[in-house]
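Down below is the structure, laid out as structure tokens.
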Protein chains: 2
Amino acid sequence: MSKNITELLRGNGFKVTPQRLAVYEVLANTKEHPNAEMIFSSLQATYPTMSLATVYKTIDILHEIGLVQILNAGEDSFRYDADMSNHAHVRCVECGRVDDVFDLDAAKVTREIEAGTRYRLTGQQFYFYGVCPECQKQGKAH
Amino acid sequence: MSKNITELLRGNGFKVTPQRLAVYEVLANTKEHPNAEMIFSSLQATYPTMSLATVYKTIDILHEIGLVQILNAGEDSFRYDADMSNHAHVRCVECGRVDDVFDLDAAKVTREIEAGTRYRLTGQQFYFYGVCPECQKQGKAH
DNA sequence: TATTAAAGAATAACGATTTTCGAATACCCG
DNA sequence: CGGGTATTCGAAAATCGTTATTCTTTAATA
Ligand SMILES: [Mn+2]
Ligand SMILES: [Mn+2]
Ligand SMILES: [Zn+2]
Ligand SMILES: [Zn+2]
């Protein structure tokens with residue numbers, strides 16, 4: 001995995017830097033779908049000198065070489081995901097967390113849409129909104 | 001249809017103004033899913049004095065009284081749709097147009113997700129992106 | 001038609017995200 | 001090891017859809 005990103009960076013003419021590896025590691029080891037600020041914060045401990053600008057530029061590159069997908073979950077900022085598989089997401093409108101949704105055959109849906117619309121689809125985003133299990137517990141008073 | 005919006009505005013304590021009717025007419029008579037700027041532009045001919053701020057405020061009201069839905073098609077701005085049925089959208093990454101996708105049973109998909117996750121879902125947003133038939137012809141992307 | 005509160009026009013302001021800038025640093029190739 | 005140059009840092013600035021403001025106009029009611 002780390003080997004993969006190193007090769008991909010070099011192979012695309014990008015230098016391999018600790019910052020780039022670190023940003024990718026954050027995304028590869030979380031299921032939280034962080035935005036740029038969250039990535040930046042989580043690197044403060046290990047990379048106190050990391051610049052937010054570097055996070056943004058690194059994400060651009062990681063996206064360009066196919067290692068990171070960009071999520072628009074209807075918030076002000078973008079979220080990022082190193083899981084490049086075709087899966088949907090659900091955002092809790094109470095606490096803001098974004099979880100994976102794997103119980104959806106996205107490829108099948110895509111095929112149906114492609115047949116119906118005559119578009120050649122290159123991607124898709126499914127977002128669901130609701131209340132996560134934890135917030136349901138806390139908000140019993142509803 | 002115009003009768004409907006008039007009643008709804010009055011019934012909700014809003015005044016019926018030419019601007020409000022005009023904004024709704026644009027949305028009711030197009031399939032282009034315009035954003036605020038596009039609505040504003042398309043009204044320049046008939047309402048040269050229309051303010052962009054009025055477009056925004058009117059959309060708020062139309063949304064509030066259930067006449068317009070707000071779309072997040074993965075762009076910087078929101079798009080609006082007077083078709084209140086539950087349907088998905090597809091955006092052409094070449095020319096930016098946004099088309100309807102009626103070949104998707106969103107309610108069915110939502111039920112599946114709700115069963116699989118433990119979220120209590122309150123809404124969803126699907127959008128697909130790809131290359132529309134016309135842009136495929138022009139070979140902008142082979 | 002007069003009254004009055006709501007609404008519109010025009011434009012300034014907003015504000016969080018994202019980008020830019022220039023000097024310092026460090027990756028990488030030979 | 002160096003030299004060349006991509007990259008980083010840090011702060012500042014831009015971005016830009018949307019909202020607030022101020023003054024003017026208008027819809028609704030009787
Ligand atoms: Mn994910
Ligand atoms: Mn539509
Ligand atoms: Zn929650
Ligand atoms: Zn197109």
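Below, read A as the first sequence line, B as the second, and so on, with proteins coming before strands; counting in each chain starts at 1. These numbers come from a predicted model, not from an experiment.
For C:dG8, neither phosphate oxygen OP1 nor OP2 lies less than 4.0 angstrom from any side-chain nitrogen or oxygen of B:Thr49. Applying the 4.0 Å criterion to OP1 and OP2 of D:dC9, one finds that A:Thr54 has a side-chain N or O inside that range. For A:Gln19, no side-chain nitrogen or oxygen approaches OP1 or OP2 of C:dA26 to under 4.0 Å.
Note that OG1 of B:Thr58 and NE2 of B:His63 are 14.5 Å apart. Values are rounded to the nearest 0.5 Å.
Side-chain contact of A:Thr110 with A:Gln124: a donor-acceptor pair under 3.5 Å is present, judged by distance alone. No side-chain N or O of B:Glu75 forms a donor-acceptor pair with one of A:Asn72 less than 3.5 Å apart.
The side chain of B:Lys15 approaches D:dA28 more closely than any other nucleotide in the set C:dA9, D:dC9, D:dA28. Between D:dT8, C:dA10, C:dG8, one nucleotide has an atom nearer to the side chain of A:Arg20 than all others, and that is D:dT8. Residue B:Pro18 has its side chain nearest to D:dA27 when only C:dG8, D:dC9, D:dA27 are considered. Side chain of B:Ser77, nearest nucleotide from D:dA20, D:dG17, C:dT18: D:dG17. Ranking D:dT18, C:dT18, D:dT8 by closeness to the A:Tyr56 side chain, first place goes to C:dT18. Counting only heavy atoms from C-beta on, A:Ala53 has its side chain closest to D:dA11 among C:dT17, D:dA11, D:dT26. Residue A:Phe78 has its side chain nearest to C:dT18 when only D:dC9, C:dA7, C:dT18 are considered.
Whole-Å rounding puts the A:Asp60 CG to C:dT18 C1' distance at 10 Å. What separates CG of B:Asn35 from C1' of D:dC16 is a distance of 12 Å, to the nearest Å. One can place CG of B:Leu52 at 14 Å from P of C:dA12, the figure rounded to the nearest angstrom. One atom, CG of A:Leu43, and another, P of D:dC9, lie 10 Å apart when rounded to the nearest Å. C:dG8 atom C1' lies 15 Å from atom CZ of B:Phe14, rounded to whole Å. When rounded to the nearest whole Å, the span between CE of A:Met50 and P of C:dA26 equals 13 Å. For A:Asn72 and D:dG17, the CG to C1' distance is 14 Å, given to the nearest whole Å. Rounded to whole Å, atom P of D:dA6 lies 16 Å from atom CG of A:Leu9.
Separation of the B:Tyr24 and B:Tyr80 ring centroids does not fall under the 6.0 Å cut-off.
If you check distances only, the side chain of A:Ser51 does reach the base of D:dG10 with a donor-acceptor pair under 3.5 Å.
If you run side chain to side chain contact (heavy atoms under 4.5 Å, CB included) between A:Asn29 and each of A:Lys31, A:Glu25, A:Glu32, only A:Glu25 comes through.
Of the residues near DNA chain D, B:Glu37 and B:Val16, the one whose nearest nucleotide (by heavy atom distance) lies more toward the 5' end is B:Glu37. When each of B:Lys57 and A:Val55 is assigned the nucleotide of DNA chain D bearing its nearest heavy atom, the one mapping closer to the 5' terminus is A:Val55.
Aromatic ring orientation, A:His89 versus A:His33: perpendicular (interplanar angle above 60°, classes split at 30° and 60°).
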